[in-house]
Number of protein chains: 2
Amino acid sequence: MVSSKDVARYAGVSQTTVSRVLNNPDMVEKKTLEKVTRAMKEMNYRPNSVARSLVNRRTKSIALLSGPLHNPFFVETTTSIVNYSKQRGYNVNVHFENFGDNMSVYQDVLASKVDGIILSSILYEDPIFSELQSLDIPFMMFNRKHKKPGNFVEMDNIEAGRKATRHLLELNHRHIAWIGGPMNMTTFSGRYEGFQQEMKENGCTISPQNVNITDTSEADICRVMSDLLAEKERPTAIFAATDSIAIFLLDYLIQKGYQVPEDMSLIGVDNIALSRHHSFRLSTVGMNEKENLGRIAIEHLIDKIESSDDQFVEKTYPAQLYQRSTTKNI
Amino acid sequence: MVSSKDVARYAGVSQTTVSRVLNNPDMVEKKTLEKVTRAMKEMNYRPNSVARSLVNRRTKSIALLSGPLHNPFFVETTTSIVNYSKQRGYNVNVHFENFGDNMSVYQDVLASKVDGIILSSILYEDPIFSELQSLDIPFMMFNRKHKKPGNFVEMDNIEAGRKATRHLLELNHRHIAWIGGPMNMTTFSGRYEGFQQEMKENGCTISPQNVNITDTSEADICRVMSDLLAEKERPTAIFAATDSIAIFLLDYLIQKGYQVPEDMSLIGVDNIALSRHHSFRLSTVGMNEKENLGRIAIEHLIDKIESSDDQFVEKTYPAQLYQRSTTKNI
DNA sequence: CCTATGTTTGAATACGTATTCATAACAAAA
DNA sequence: TTTTGTTATGAATACGTATTCAAACATAGG
């Protein structure tokens, strides 16, 4: 590979001058500049970004630790994060959460030299948190957050849980089942908390068999749903903790011959784009449609990288109901 | 940041020994090894991957230049590529195609030091091709390919086009509209070619207003579809060049009060997971469900990186029909 | 005891760039 | 002419690691 030294020799100048042509062109005489520029072209020179990073002490790249893309919510955030980062001149190393073995993903992220880290995949008491802190580079959580204070942007999950539940209650549902994911993720615990609060305040009880915690895999959701359908006193409505789960449930229910919402009301959370599809018209709760948590988070992160201000960004955005066609009065 | 030199000083050894502890632990005496290991722990030492890359001349990272994730096909390939790469010890820099200005994306990719490049976003006569070649690192195309010989894996797009068309013809459709993307992408040109061939062989003509080329944006697809619906002799079936387009059309049609397949048959290509959803049951043509082009491509790419064999991988996989519920006899 | 062999270690160097500091060339001012 | 200042350039160095080469030392065989 041709280096700046090669270019220098070819152009009859010092490596320093070549470097200056790239970074401080006005410090070099016009004639020299042309000469060097031509040499670079002719030799097809490309600056070695690794060497640059070593001396500049920044890689212009960011690690994204995201939830899996089979949840369309993360499709939208990943797209925003990658595209906005590009705009600001950063590359994004993408990693996906791995339920079985997140530690190895963490190790990859910790080992890779990046200017900042943005992650949705963190548990409420995740030990990764202190490791991230020790890296001494900015990191930002979105969607989910950690117990300890740090940078995060999230939706008001409790409010989301309450609004979804209130909607179902207003439609006269009393027998409501919850299908969610692991409670050590604040999205799930928060939304469940809201569900509980609202039910309690309205004098409704939640029977234990109607609280279903899955690992969000399709197989596990199937298992849970088939249990629910087999209950003597089958629930009339399901509160799915995410639109992704809801859409999968929809698939399962239709496949088994049930009609939504006639046989079962269904509401999700996140208001992902797919929920608006007229084949679904999924009722859901989510943020203002203009806002994207990924986008908000990456913007803050890059600001932090470039300003190195150490004030925590902690933002919780309101949730609102999007009533569509998968919930109905009984 | 603490360096190997700091660790060396603290442990009372040379930097060489610290390096050996990391890379050739059996070359160093057990006692020394423990001493150094302890020092690394105590100082919270993390090897600088940038410095490593500089001397090793490999970054253990790969650039992915992907089509946009709002096409679920790329969700599936991106997931495979990222996860498989991790398994083989590589990070993935993700970039998304940008219809308006792909050159700047290309520049980003060319500037970033990676061990290999995997891309779906290439045009049939894309000038990026020769630039990629001049980088002298392996690159692999998937889904779409280039005019010149190189590494690629694809579905047999012509066969796909023929099979989808044949299916519609067998259902007695004669008035079939095509909605696709830019013809300088081999996915679209190949599928269209198959559409043409099959129509011709069966004595069917394609009227010009039924050939619709979009930029695959929602707005443009809307425009085209509304034109089609306004035709005097409205087509009875639509061949959407991708499932992604088909699913969007489905949304549009339902929203406008049409029923699929009663008012209009609809078939896509790609057989993405979402097409199987029982709210859609989209008829489509695609590869064997076990195969994933992204996965196949990344496997070849990493093999190439690690073996540096220079034989081209050129693979074209057969397409098959998946008949579901969006196509019906008339 | 001497030589041959193996083991463990460190000094020096390379990777490719950006930056600091010094110098040379030259013009302007005194 | 000397001084001062300005502009353009290059030599040397730093970034943090891996590797080469040589040296120090121990062990075994004769």
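Side chains are part of it too, since the values below use all heavy atoms of this structure and drop only hydrogens, waters and symmetry mates. Nothing here was measured: the structure is a model prediction, and the numbers come from that model.
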TODO: Looking at every strand, decide which applies to A/Val50 at a 4.0 Å heavy-atom threshold: base, sugar-phosphate, or nothing.
DONE: nothing

Open item on the list: With a 3.5 Å cut-off and heavy atoms only, can you find an N or O donor on one side and an acceptor on the other between the side chain of B/Arg20 and the base of C/dG10?
Closed with: yes

TODO: Classify the nucleic acid contact of B/Val55 as base, sugar-phosphate or nothing, counting any heavy atom under 4.0 Å across all strands shown.
DONE: base

- [ ] Take the protein atom CZ of A/Arg58 and the nucleotide atom C1' of C/dA18, then report the distance between them rounded to whole Å.
- [x] 11 Å

TODO: Starting at atom NZ of B/Lys35, determine the distance to atom C1' of C/dT8, rounded to an integer number of angstrom.
DONE: 12 Å

Open item on the list: Main chain of B/Thr242, side chain of B/Asp270: is a donor-acceptor contact present, judged purely on distance under 3.5 Å?
Closed with: no

Open item on the list: Using 30° and 60° as the class boundaries, would you call the ring planes of B/His146 and B/Phe129 parallel, tilted or perpendicular?
Closed with: parallel

- [ ] Take the protein atom NZ of B/Lys113 and the nucleotide atom C1' of C/dG16, then report the distance between them rounded to whole Å.
- [x] 9 Å

Open item on the list: Using the rule side chain to side chain contact (heavy atoms under 4.5 Å, CB included), only one of A/Glu314, A/Gln311, A/Lys304 pairs with A/Asn151; which is it?
Closed with: A/Lys304

TODO: Answer with yes or no whether B/Thr16 presents, from its side chain, a donor or acceptor under 3.5 Å of a partner atom in the base of D/dT19.
DONE: yes

Open item on the list: Is there a side-chain contact between B/Asn56 and the phosphate of D/dA18, meaning an N or O under 4.0 Å from OP1 or OP2?
Closed with: no

Open item on the list: What is the distance, to the nearest angstrom, from the CD atom on B/Gln15 to the C1' atom on C/dG10?
Closed with: 10 Å

- [ ] Could you check A/Val2 against B/Met27 and say which one's nearest nucleotide on DNA chain C is further toward the 5' end?
- [x] B/Met27

Task: Euclidean distance, atom CD of residue A/Glu29 to atom P of C/dC26 [Å, nearest integer] - done: 11 Å

Open item on the list: Counting distance alone, no hydrogens or angles: does the base of C/dG16 have a donor or acceptor under 3.5 Å from a partner atom on the side chain of B/Arg57?
Closed with: no

Task: Side chain B/Ser49, main chain A/Lys113, donor-acceptor under 3.5 Å - done: yes

TODO: Using atom CG of A/Leu22 as one end and atom C1' of C/dT19 as the other, report the distance to the nearest whole Å.
DONE: 14 Å

Open item on the list: Is there a side-chain contact between A/Ser19 and the phosphate of C/dA18, meaning an N or O under 4.0 Å from OP1 or OP2?
Closed with: yes

Open item on the list: Measure CG/A/Asn23 against P/C/dT19 and give the value in whole Å, please.
Closed with: 6 Å

Task: Donor-acceptor pair under 3.5 Å, B/Ser4 side chain vs D/dA18 base - done: no

Open item on the list: Can you see if the side chain of A/Asn48 gets near the phosphate of C/dT17 - specifically, an N or O under 4.0 Å from OP1 or OP2?
Closed with: no

Task: Listed nucleotide nearest any side-chain atom of B/Thr17, set D/dA18, C/dG10, C/dG16 - done: C/dG10

Open item on the list: Using the rule side-chain hydrogen bond (donor to acceptor under 3.5 Å, both in side chains), only one of B/Lys86, B/Gln87, B/Arg88 pairs with B/Tyr84; which is it?
Closed with: B/Arg88

Task: Distance in angstrom units between A/Asn24 CG and D/dT9 C1', rounded - done: 13 Å

Task: Phosphate OP1/OP2 of D/dC15 contacted by A/Ser53 side-chain N/O (<4.0 Å) - done: no

